[in-house]
Number of protein chains: 2
Amino acid sequence: MSDLFPKKGHDHDRCVHSALAQAEKVCDAENARFTDMRRKVFTLIWQSHKAVTAYELLDALTAEGQRVQPPTVYRALEFLTELGLVHRIESLNAYFGCDRPDCEHLGQYFICTDCGRVAEAVNEEMSNAVRKAAIGVGFTIQATTVEIKGLCHDCATH
Amino acid sequence: MSDLFPKKGHDHDRCVHSALAQAEKVCDAENARFTDMRRKVFTLIWQSHKAVTAYELLDALTAEGQRVQPPTVYRALEFLTELGLVHRIESLNAYFGCDRPDCEHLGQYFICTDCGRVAEAVNEEMSNAVRKAAIGVGFTIQATTVEIKGLCHDCATH
DNA sequence: CAGAAAATGATATATTATAACACTTCATCA
DNA sequence: TGATGAAGTGTTATAATATATCATTTTCTG
Ligand SMILES: [Zn+2]
Ligand SMILES: [Zn+2]
Ligand SMILES: [Zn+2]
Ligand SMILES: [Zn+2]
């Protein structure tokens, strides 16, 4: 069994650090500005491996002393999702940080209903099955979302 | 290529009629009451093969002379979705009628971004791929949603 | 028919998201 | 370097989606 969800007690600061570094790189490559606000929102999203709602981010910013309004958060989220640094989980109305922003995004997510963590899958077999199903019915794919809810290995076994 | 979306100019009254008959049967089998309000909401959802929002239903009911409040619509939707007569499309916050309420629901949907129609797929290969991916990462599935957006065959070729 | 359960009505409010316009910051180039 | 336009953020208002709570009505059961 491959590791999809990070191990308990992993060095999460390292996740955040690495995510920030990758984000810098992506922004740089895209000539996009990784402004203070965007960095703050991005960092807040990366506080955990859970998906976080726009208003949770708003509250967190307020708690930090920043008094921002919804549009500010939604603009940052729009920027980050368009660059693929953050993904939106439709069934949760929530956002979480992509840990491989440089890879192709297949839109496949495992969502643990117990611990709340989200993990992105990159599974060719699923993509192929979707593609094949589409061809079979004459459908031209623009975007696909696969949201799989259940129990992560940790939660299922503890 | 198999037909997934109904043909243009098909006899939609027949879709509605058949859907109502199936719904009656399901409710009967489940000892669930297919009340006037539930039937009205169900019928409104079946006015097209598109997904429809709760507030569109509310407006339609109002236009019919019924002055109902949001909870009334949401209750009907909850009832119908729990019985599998209606499905919720997460990425649209909208609901559409299941045309095979007696089959297993795999949660696979094709959504045409041009004409707005939704079609439910029942594709074992996709399900198997999802199941296999989950096993591969030690994930216990509770529910899966596959929402595929793009162009239906009609819209792609016209 | 009485009493309990289920469904709906009604009011209020919570949650999620966007429109519109003003102001500030930043990149660019004359 | 400083005018200029584009990009980003602030601010206010409001739209769109969804639920909590309690009152009333309808239906079922005995
Ligand atoms: Zn981590
Ligand atoms: Zn978990
Ligand atoms: Zn039809
Ligand atoms: Zn179409």
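Throughout, a chain's letter reflects where its sequence line sits, starting with A, and its residues are numbered from 1. Note that these values count all heavy atoms, side chains included, but never hydrogens, waters or copies made by symmetry.
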**Asked** Under 3.5 Å, is there a donor-acceptor pair linking the side chains of Glu147(A) and Ser91(A)?
**Response** yes
**Message:** I want to confirm an ordering. Mapping Tyr95(A) and Thr72(B) to their closest nucleotides on DNA chain C, which one lands closer to the 5' end?
**Reply:** Thr72(B)
Round to a whole Å and report the spacing from [atom1] of [X] to [atom2] of [N].
X	N	atom1	atom2	result
Gln66(B)	dA7(C)	CD	C1'	14 Å
Glu78(A)	dT16(C)	CD	P	19 Å
Lys40(A)	dG8(D)	NZ	P	17 Å
Phe42(B)	dA7(C)	CZ	C1'	19 Å
Met37(A)	dT11(D)	CE	P	10 Å
Glu56(A)	dA14(C)	CD	C1'	14 Å
Leu83(B)	dA6(C)	CG	P	15 Å
Leu58(A)	dT12(D)	CG	P	14 Å

Is [X] close enough to [N] that one of its side-chain N or O atoms is under 4.0 Å from OP1 or OP2 there?
X	N	answer
Arg33(B)	dT8(C)	no
Thr35(B)	dT8(C)	yes
Arg38(A)	dT9(D)	yes

**Message:** Would the base of dG10(D) count as contacting Arg67(A) through its side chain, where contact means a donor and an acceptor less than 3.5 Å apart?
**Reply:** no
**Base of dA14(C) paired with side chain of Tyr55(A) (donor-acceptor, under 3.5 Å)** = no
**Request:** Run the salt-bridge test on Lys25(B) and Asp102(B) with the 4.0 Å N-O cut-off and return the result as yes or no.
**Result:** no
**Asked** Are Arg100(B) and Glu120(B) ion-paired here, with the side-chain N under 4.0 Å from a carboxylate O?
**Response** no
**Asked** Which word best sums up how the rings of Phe42(B) and Trp46(B) line up, parallel for under 30°, tilted for 30 to 60°, or perpendicular for over 60°?
**Response** tilted
**Request:** Anything under 30° is parallel, anything over 60° is perpendicular, the rest tilted; go ahead and classify Tyr109(A) against His87(A).
**Result:** tilted
**Complete:** Of dA17(C), dG10(D), dA18(D), the nucleotide closest to the side chain of Asn93(B) is dA18(D)
**Prompt:** Among dA18(D), dA10(C), dT18(C), which is the nearest nucleotide to the side chain of Tyr74(B)?
**Reply:** dA18(D)
**Asked** With a 4.0 Å cut-off on heavy atoms, is Arg75(B) in touch with a base, just the backbone sugar-phosphate, or nothing at all?
**Response** base
